[in-house]
Every structure is written in C-alpha cells, then in structure tokens.
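What follows is one structure encoded as structure tokens, with my remarks underneath.
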Amino acid sequence: MEVTPNHTQTVSGWAAMDESGKIVPFVFKRRENGVDDVTIKVKYCGMCHTDLHFIHNDWGITMYPVVPGHEITGVVTKHLCQSPATSLPEVPQHALHKLINVWTTLVMEVTPNHTQTVSGWAAMDESGKIVPFVFKRRENGVDDVTIKVKYCGMCHTDLHFIHNDWGITMYPVVPGHEITGVVTKVGTNVAGFKVGDRVGVGCIAASCLDCEHCRRSEENYCDKVALTYNGIFWDGSITYGGYSGMLVAHKRFVVRIPDTLPLDAAAPLLCAGITVYSPMKQHGMLQADAAGRRLGVVGLGGLGHVAVKFGKAFGLHVTVISTSPAKEREARENLKADNFVVSTDQKQMQAMTRSLDYIIDTVAATHSLGPILELLKVNGKLVLVGAPEKPVELPSFPLIFGKRTVSGSMTGGMKETQEMMDICGEHNITCDIEIVSTDRINDALARLARNDVRYRFVINVGGDSKL
Ligand SMILES: NC(=O)C1=CN([C@@H]2O[C@H](COP(=O)(O)OP(=O)(O)OC[C@H]3O[C@@H](n4cnc5c(N)ncnc54)[C@H](OP(=O)(O)O)[C@@H]3O)[C@@H](O)[C@H]2O)C=CC1
Ligand SMILES: O=C/C=C/c1ccc(O)c(O)c1
C-alpha cells in the first residue's frame with residue numbers, strides 16, 4: 001500500500017506463492033477504478049496451460065505471488081461515470097497523446113514523488129515503432145544521482161523488448177541501457193559523485209542490496225533486480241531507460257567514465273562491454289596464463305566486436321565465427337581478429353574442429369549449438385550470452401564426446417562494471433559506433449534488425465547540448 005496508495009480495494013483470490021505450484025487462498029489489493037477502467041465481477045475463469053507455466057515458473061519470469069487467469073468472463077460493476085477520478089484535461093489530442101496522458105496520470109497517482117517531466121522515445125506496442133513520449137521520473141532522492149543523458153547505445157535487447165520477442169514487454173517501453181551523460185544533481189547521501197562528473201548507467205536500476213549476490217556485487221543475479229527499463233523499481237513504478245533526456249539513478253548503479261574515453265564510444269561498454277567481460281573473467285580468459293589460448297566469438301555485432309577487442313587486449317588468439325563474409329576484412333584489419341570463419345561454410349567449419357578453448361556466442365537469432373560445439377577442444381567451454389526468442393538447439397553428442405560445457409551469463413555486477421570501464425580507460429578500448437540523431441531511431445532499429453551496423457548505433461540524445 002505504501003508503494004501503490006490507490007490500491008485500496010481488497011480482493012479474495014487464489015495464488016501460487018512459490019514454485020511448488022500449490023494454489024492457496026490469497027487476499028490482495030487492486031487499484032481504484034481509474035478514468036479508463038472498468039471494474040468487473042468475475043463469474044468464470046478458464047484454466048490455460050500458460051497458467052501452469054507461470055505457476056511452476058517454467059519460463060523463469062514468474063513474480064510470486066502469482067494470481068493466474070486470463071480467460072475471464074463477468075459483469076461490469078463500475079465504469080468511468082462512477083469513477084472517483086475526474087476527467088482528463090481538455091486538450092485536443094489524437095489517440096496516442098490521450099493514451100500518454102492517461103498513463104502519466106496513473107503513474108503520478110501511484111508514485112506521487114514522480115514529479116519530473118522527461119522527454120523520451122518509446123514503443124507503444126508490438127508494431128515496434130518508436131515515437132516521442134513524455135513521462136515522469138522520481139525526484140532526486142538522498143541516494144540518487146540525476147544525469148543529463150548525452151548518449152545511449154542501441155542494444156539488440158532493445159529490439160527484443162520493442163517487438164515483445166520475449167513476451168514480457170510492458171508498454172510503453174522506453175528502451176536504452178547503454179547510457180552516458182553528465183551529473184546534474186546529487187542526493188545528500190551521495191559521496192562518490194558530484195555535479196559535472198562524466199558517468200554511465202547500464203542494465204540495472206535497483207536490486208535488494210542485501211542478498212548473497214548483492215553482497216558480492218553480483219547485483220545482476222539478485223532475484224529482486226529491477227532492470228533499467230521494463231523493470232519494476234522499489235516504489236512500484238515501471239522503469240524507463242536511456243532513450244530519454246534525463247535519468248535519476250541510485251548511486252550504487254552509476255559508473256564513472258574515465259576521462260580518456262569519449263562518452264559516445266564508451267556508452268555500449270555499459271551493456272555490450274560488461275556482458276562479454278564478465279564471463280571472460282569468470283572463465284579465466286583474462287588471466288595472464290590464458291594468453292595464447294584460443295577464443296571463438298560467434299556473431300560479430302555489438303557484443304561480439306567488444307569480445308574480440310577484449311580477447312586481443314588480453315593476448316588471446318581470436319577467431320570470429322560469422323554468417324557475414326563481408327565482415328571478414330574489417331574484422332581482421334580493424335579489430336585485429338586472428339582468424340575468420342563463415343559458419344555456413346562447412347569446409348571452413350570442419351577445418352576448425354577441436355581447435356578452440358572457449359567460445360562466446362552472441363547471436364541474437366535461434367540457431368543450433370551443435371556445429372559450434374564441435375569447434376571446441378575436449379573440455380572446452382561455450383558461454384551463451386545471445387538471447388534469441390526461441391530455444392537454441394543443443395544436441396547432446398558434441399557435449400558428451402568432447403566433455404564440453406555450456407553456460408550462460410547475464411550482463412555483470414556493478415563492481416565488475418567499474419573495473420571493466422577502468423580497464424577500457426587504461427587500454428583505450430572503445431566501441432566502433434555510428435551516431436544516430438533522435439529523429440532516425442526507427443531507421444537505425446530497422447538496420448539493426450537486418451544486421452546492418454558496424455558495430456553499434458549510439459543515439460545522440462543530448463551530446464551536442466550544453467548541460
Ligand atoms: N546475456 C546478456 O546479459 C545480454 C544479452 N544480450 C543479447 O545478445 C544478443 C546480441 O546482442 P547484440 O550484440 O546487441 O546484437 P547485434 O545485432 O549487434 O549482433 C548480433 C550478431 O548475431 C549474428 N546473427 C546471425 N544471425 C542473425 C540473425 N538472424 N539475427 C540477428 N543476428 C544474427 C550477427 O553476426 P554475424 O553477422 O557475424 O553473423 C549479428 O551481428 C541479443 O540477443 C541480445 O538480447 C544483450 C545484452 C546482454
Ligand atoms: O539478455 C539480457 C537482457 C538484459 C536486460 C533486459 C532488460 C533491461 O531493462 C535491461 O537493462 C537488461
């Protein structure tokens with residue numbers, strides 16, 4: 001109730017409280033009937049197999065307690081005319097603006113300290129079109145840092161969310177988790193940052209700060225993690241990302257950008273960089289004794305090209321495994337890749353059998369891991385970071401016959417992100433970027449979807465402007 005003061009109506013229902021899958025009686029609160037709402041007395045509810053998936057957390061995205069049911073029939077008991085909320089201001093609007101106003105009104109009702117108006121860019125539905133979107137952010141709290149956004153990288157994850165590939169998008173979604181900018185305000189409990197500092201924000205907006213993972217600064221694995229967009233923040237509000245002019249971030253989730261790094265080419269390090277750095281470190285690829293070992297990078301996009309750069313900076317022998325022969329020359333000449341294999345060319349693939357110690361797979365589309373696993377030596381390790389919407393094919397024979405391991409990795413923790421950023425500062429590692437103006441976001445997304453970028457689009461949100 002603290003989080004959502006307008007959730008005043010008590011409802012009796014039935015919920016699963018955990019993965020045991022047992023349904024128990026559950027009393028909870030629903031919001032008051034808003035201006036665009038209809039209250040329904042539920043008469044019947046079908047039991048879909050999706051309910052079972054959520055009850056058992058089959059898809060790994062259940063937020064317990066979960067009250068299932070999406071085949072609902074009933075009778076209207078309250079609607080607009082009886083709503084306690086008054087009508088919207090009389091402004092000539094087309095449908096989209098009206099929707100935005102309703103949304104903003106609701107957010108303000110739920111989170112009264114969300115008083116700062118911000119201009120950004122959002123997808124309103126699965127059509128995937130990005131449109132200007134005005135919304136509210138919270139006031140700068142005692143532990144918060146307010147940031148004027150200068151640049152924001154366009155990660156393939158943004159595309160997945162914009163198109164609801166993963167089925168979990170809460171529209172309107174303001175994407176962007178590769179954010180750099182300048183501090184404009186700090187809270188009274190903030191010691192590490194001051195106005196004017198060059199900073200970045202990556203994938204995390206909040207975590208519990210208290211669990212075993214948070215204590216180890218693996219906030220990315222906290223089961224209460226709130227992602228930078230499409231997350232649910234401590235106050236119950238939905239988070240909005242860096243395709244926007246301004247951001248309020250908790251100090252724990254802000255990273256210092258070394259003076260040697262430009263804010264535009266450093267921005268993708270906040271996601272693409274840390275997402276490959278973290279498993280490379282975890283699996284020992286960055287240790288001095290790993291120099292000379294053989295790394296394969298599957299997919300030469302935003303994540304992949306940074307993996308090549310880290311691999312080379314730490315003395316690994318790097319092979320790019322790509323569907324795009326046209327990327328070979330640049331990969332060898334600019335990224336200094338030692339080898340380039342076209343994954344659709346069976347001869348080239350066969351010649352690489354049992355040659356690699358590690359592989360990082362960054363591919364955004366569904367594919368089979370079988371031919372890729374064959375490239376690993378016995379005991380070799382494959383780390384999956386690409387997140388296609390459908391499961392990848394994982395045949396057992398190449399795993400068994402090569403005693404190989406497949407694992408996954410999700411972005412990185414905050415301590416590790418700062419460490420990575422500082423290493424990039426020392427080694428002058430930045431991303432290869434193409435700057436996009438805010439009126440070209442849709443064109444850039446279309447090009448990203450058809451694999452036409454070398455290697456990251458970065459939106460110039462406010463890079464040319466003074467503070
Ligand atoms: N695990 C995590 O924490 C994170 C995961 N991700 C995920 O990683 C994946 C890659 O992200 P990112 O590097 O930004 O994406 P990019 O689009 O920049 O790169 C993906 C690369 O995959 C290869 N590819 C092959 N086939 C396809 C296809 N049909 N569609 C798209 N790509 C294809 C391409 O490389 P080539 O031309 O060489 O074949 C392409 O450049 C995404 O699924 C993203 O959601 C992103 C951030 C964090
Ligand atoms: O695959 C990784 C996805 C990471 C992610 C999803 C949503 C979001 O807001 C993020 O900041 C990161």
Side-chain angles (χ1 to χ4, degrees), residues 60-61 152-163 165-166 168-170 173-179 201-207 219-221 225-233 238-243 249 253 268-279 296-308 319-328 330-331 335 337 340-344 360-367 372 383-390 392 407-413 417 431-434 444-445 447-457:
I61 54 171
C152 186
M154 297 176 73
C155 178
H156 206 109
T157 296
D158 301 349
L159 257 188
H160 289 308
F161 271 99
I162 288 166
H163 292 287
D165 286 345
W166 299 338
I168 53 172
T169 305
M170 297 179 275
V173 64
V174 177
H177 54 211
E178 296 183 341
I179 305 158
V201 172
C203 294
I204 311 176
S207 66
E219 299 88 346
N220 46 323
Y221 296 115
V225 70
L227 297 166
T228 297
Y229 65 85
N230 204 71
I232 299 178
F233 191 65
I238 292 171
T239 56
Y240 294 130
Y243 292 18
F253 304 100
L269 295 172
L270 274 311
C271 173
I274 186 60
T275 298
V276 294
Y277 178 87
S278 181
V297 176
V298 190
L300 192 59
L303 271 57
H305 94 288
V306 191
V308 175
T319 297
V320 172
I321 300 145
S322 171
T323 59
S324 309
K327 291 181 183 174
E328 174 162 5
E330 201 188 10
L335 300 175
F340 190 98
V341 173
V342 178
S343 53
T344 48
I360 298 184
D361 185 332
T362 73
V363 175
T366 307
H367 57 294
I372 296 167
V383 185
L384 267 181
V385 289
E389 60 203 82
K390 295 206 186 82
V392 287
S407 63
S409 192
M410 157 82 179
T411 61
T417 304
C431 305
D432 294 5
I433 61 167
E434 186 177 329
L445 285 170
R447 283 182 53 197
L448 177 60
R450 59 173 192 266
N451 193 8
D452 176 21
V453 53
R454 306 278 176 89
Y455 288 95
R456 195 54 126 203
F457 290 119

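Residues take their numbers from the sequence shown, with the count starting at 1. When a ligand or atom number is given, it counts from 1 through the structure's own listing order.
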Check: every ligand 2 N/O to protein N/O pair under 3.5 Å:
{"residue": "ligand 2", "atom": "9 (O)", "partner": "Y229", "partner atom": "N", "Å": "3.0"}
{"residue": "ligand 2", "atom": "9 (O)", "partner": "Y229", "partner atom": "O", "Å": "2.4"}
{"residue": "ligand 2", "atom": "11 (O)", "partner": "H177", "partner atom": "ND1", "Å": "2.9"}
{"residue": "ligand 2", "atom": "11 (O)", "partner": "C203", "partner atom": "O", "Å": "2.9"}

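- Each of C155, H156, T157, H160, W166, C271, T275, G299, L300, G301, G302, L303, S322, T323, S324, K327, T362, V363, A364, A365, V385, G386, A387, S409, M410, T411, L448, N451, R456 has a non-hydrogen atom positioned under 4.0 Å from some atom of ligand 1.
- Separation of atoms CG (N220) and OG1 (T417) is listed at 7.5 Å; rounding is to 0.5 Å.
- Summarising the geometry of L300 relative to V308, their closest heavy-atom pair is CD1-CG2, 4.0 Å, with the distance given to 0.1 Å.
- The heavy-atom pair separating C155 from C271 by the smallest distance is SG-SG, 4.0 Å.
- With sequence neighbours excluded, no residue forms a salt bridge (charged side-chain N to carboxylate O under 4.0 Å, His left out) with E389.
- Note: I321 CD1 to T344 OG1 = 12.5 Å, rounded to the nearest 0.5 Å.
- Rounding to the nearest 0.5 angstrom, the gap separating the CE atom in M410 from the SG atom in C203 is 6.0 Å.
- Within the model, atoms NE2 of H160 and OG1 of T169 stand 10.5 Å from one another, a figure rounded to the nearest 0.5 Å.
- With values rounded to the nearest 0.5 angstrom, E434 atom CD is found 8.0 Å from D452 atom CG.
- With sequence neighbours excluded, the residues that form a side-chain hydrogen bond (donor to acceptor under 3.5 Å, both in side chains) with S278 are E416.
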